[in-house]
Amino acid sequence: MNKLVKMFRKNQIKTLDMVLTHDGENWIASNKTIKQVASSLGELDLKIENALRDEFADGKRLNVFMAFDNEAIPMWIRPYMNHYFNRILVLPIQR
Amino acid sequence: MSKIQRFWYSGMLSTEDWWAVWLGLAFFSLGLLTLLGIDLVGWIAYPSKWVFSMPEGAISKKIVTIDKAFYPLGGKYSLTARDMYQSLGPIGSILVTYIIFTIATMTGAYFQKWDVKRYFIGWTFIFFVTYLVWFIGHHAFFAASAVDLKKSHFPAMFTLSLGGGASFILALMVGLIIGNFFKPLARYLSEAAKPEWFIKTAIVFLGVKVGYLPIKAAATSEKIGHALADLTLDLFIAGAAATIVAYLIFWPGVYTISRLIFKLPRKTAAVLASAISICGVSAAVATGGAVRARPVVSIMVSSLVVVYAVIELVILPGIFTHIWPGIKDPMVAGAAMGMAVKTDGADAAAGELLDEFMRTKMEETSNGTVIWPEGIITVSAVMTKIWIDMFIGLWAFLLAMIWVYKIERQEGEKVPFSEVWFRFPKFVLGYFIAWFVYLGIFFGPGHGGSAEGMSVLKAAEAGAVPVEKGMRKLFFMLTFMSLGIITDFKKLAEAQFSKMVWVYFIALFFFIIPVASIIAYLFHHGMTLPNMAAPGSALFGG
């Protein structure tokens, strides 16, 4: 039983929340502890992976939930659709 | 402070979409209280067709004198507070309407963290200019038909016979003048000029209308009540066709035009295809996010959508009424409108205009022997649009999967299914709740319009009419005015849009509108409208 609990805990995937936005040139992902900036989402993902390497050591996995900051969309557009997109990055990235 | 959608309940107090539901359902609920004998909605000020003074021999039936140009609907329909509402008079009812909606909308503005002071000033300006335009637009010269003149024993005189449509056109014109010639004022008013919020609230009120239509018709005859209940359900089912057309015919067609003829980049073509084919700005934003485009792509496309939507709103109701399909096929016209006009605001507004034009023309053509129920043509335009709206979340989710897992494969990225809910148009929930509750009253305690259910239906009517007629039309008027204020035609002339302007033009006028008309004909041709002027008679169709 203890083994099962340990295995369950090991396989439990931790989720880290970040806010994603775009400043006109770059994608920016940030939370209280880290902030990464890149011109493409692929590049941003790599930077986040590097910054969070300690969080998914020992074969663990980490989900980074990026919720888009809809304030990047002009206010007059938001009434039509108040959601741009959210994405989940699964770390480590499987290549 | 960031605005994110993280949990299923995110945005319930901070987005216009949800506030349309809260506002709509709040007044819908107040309306239901008439079933308990409590009338809290009869204060809404509603216009009549008017003249400065009555000609000799004329009577106040369809046309009244200027001092009666507005009246509180409760003064006519209330069962329990008629005298109280009558005592408000025209000015009193307008002021009460202003106070109540100012409190209601400012509560929404506060929770949405708008500049409340600026909203209050802007709202006050827009509200009173809207009522002024509503008043002018109901002068007999603009609004009265030959039948109105005849029923009020007026001598023959020239009128534009535009019905309530005159007020809508005037509101749009005044708004456009402000938006294009008084830009600093328009910018200031933009805090309160919220066509999407107003129209989504109006669409929740329209839900009351759809449910109330059989109740109203039952007062004429039980048979017509049932016919209207069936017709609204038929419209609901036929409207599903629009979904298939928008997503599986329009989208691939416009995407192909954008890529093959205009050589637009893949992401821009996808965003543009969604905007032109599906539901305008909301689809442009949803698709931009789905294909991971920079937000500026959706913003540019959205600017085009609002301008083109207003152009469609101006020209299509007239074309559908007077050229094709005309009064022979009003449901075809409504459904085609729902498929062709992008943005909920412009579509519902165009549907309402079409409703006014078609009913007035039918009444005039038949010399008053055929009167169609008010609002059913608007319903046909909105029903198809709602079907299209409901699937944008699912469509964007599919596009995101194709983009992320296939076209621009992002290793490690997953598309959360919650995206479907975040993009779901919430006001639709209010529309269906309002519709089905009133339909439930009709078939339940109302006994389907039979004599034993009449007392319940009368009580329901007293609460439904101020909402579905007065509040709905007021919010349509506010929509027309606000659409004009935020529409800047100069945006079409901006050079960087040139290719997109042409894609939009060609796709809309040579592909979307013709195909929408054909599909609407295939699925809605032959749908009949009841004749409210002939109790117990056969249905009158096209």
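Within every chain, numbering begins at 1; the chains are lettered A, B, ... in the order of the sequence lines, protein sequences first and strands thereafter.
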Query raised in the report: Would B:Glu16 and A:Asn82 satisfy side chain to side chain donor-acceptor pair (under 3.5 Å), going step by step from the backbone distance to the final call?
Result: CA-CA 9 Å; B:Glu16 288 184 45; A:Asn82 51 48; over 6 Å; no
**Report entry** From CA spacing to verdict: side chain to side chain contact (heavy atoms under 4.5 Å, CB included), B:Val305, A:Tyr80
**Finding:** CA-CA 11 Å; B:Val305 173; A:Tyr80 296 89; over 6 Å; no
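A distance of 12.5 Å separates CD1 in A:Ile73 from NZ in B:Lys3, rounded to the nearest 0.5 Å. Between the OG1 atom of B:Thr15 and the CG atom of A:Asn70 there is a distance of 10.0 Å, given to the nearest 0.5 Å. To the nearest 0.5 Å, atom CD of residue B:Glu419 and atom CD1 of residue A:Ile88 are 8.5 Å apart. To the nearest 0.5 Å, atoms OG (B:Ser190) and CH2 (A:Trp76) are separated by 11.5 Å. Taken from CG in A:Leu41 to CD in B:Glu408, the straight-line distance is 9.0 Å, to the nearest 0.5 Å. If you take OG on A:Ser40 and CZ on B:Arg292, they are separated by 13.5 Å, rounding to the nearest 0.5 Å.
Heavy-atom pairs under 4.5 Å with chain A peak, among B:Arg6, B:Arg294, B:Lys194, at B:Arg6. Counting heavy-atom pairs under 4.5 Å between each of A:Leu20, A:Val64, A:Asp17, A:Leu91 and chain B puts A:Asp17 at the top. No other option in B:Asp17, B:Val306, B:Val285 has as many heavy-atom pairs under 4.5 Å with chain A as B:Val285.
Interface residue B:Thr343: only side-chain heavy atoms are found under 4.5 Å from chain A. Residue A:Asn86 touches chain B through both its backbone and its side chain, counting heavy-atom pairs closer than 4.5 Å. B:Val296 does not touch chain A: none of its heavy atoms, backbone or side chain, sits under 4.5 Å away. For a residue to count as touching a neighbouring chain, one of its non-hydrogen atoms must lie under 4.5 Å from one of that chain's; by this rule A:Met75 touches chain B with the side chain only. Heavy atoms closer than 4.5 Å to chain A are found in the side chain of B:Gln410, but not in its backbone.
The shortest non-hydrogen separation linking A:Pro79 to B:Lys200 is O-NZ, 2.8 Å. Smallest separation of non-hydrogen atoms from A:Ile93 and B:Gly412: CG2-N, 4.1 Å.
In terms of the ring-ring contact (aromatic ring centres under 6.0 Å, His included) criterion, residue partners of B:Trp395 (sequence neighbours excluded) are, by chain and number, B:Tyr247, B:Trp251.
Crowding of B:Lys183 atom NZ: a count of heavy atoms from other residues, nucleotides or ligands under 6.0 Å exceeding 12. Within a 6.0 Å radius of OH in B:Tyr110, other residues, nucleotides and ligands contribute 12 heavy atoms or fewer.
Side chains of B:Arg423 and A:Met81 form a contact here, defined as non-hydrogen atoms less than 4.5 Å apart. The shortest side-chain heavy-atom distance between B:Val415 and A:Arg87 does not fall under the 4.5 Å cut-off.
Chain B is approached within less than 4.5 Å, heavy atom to heavy atom, by A:Gly24, A:Trp27 from residues 23-33 of chain A, ordered by number.
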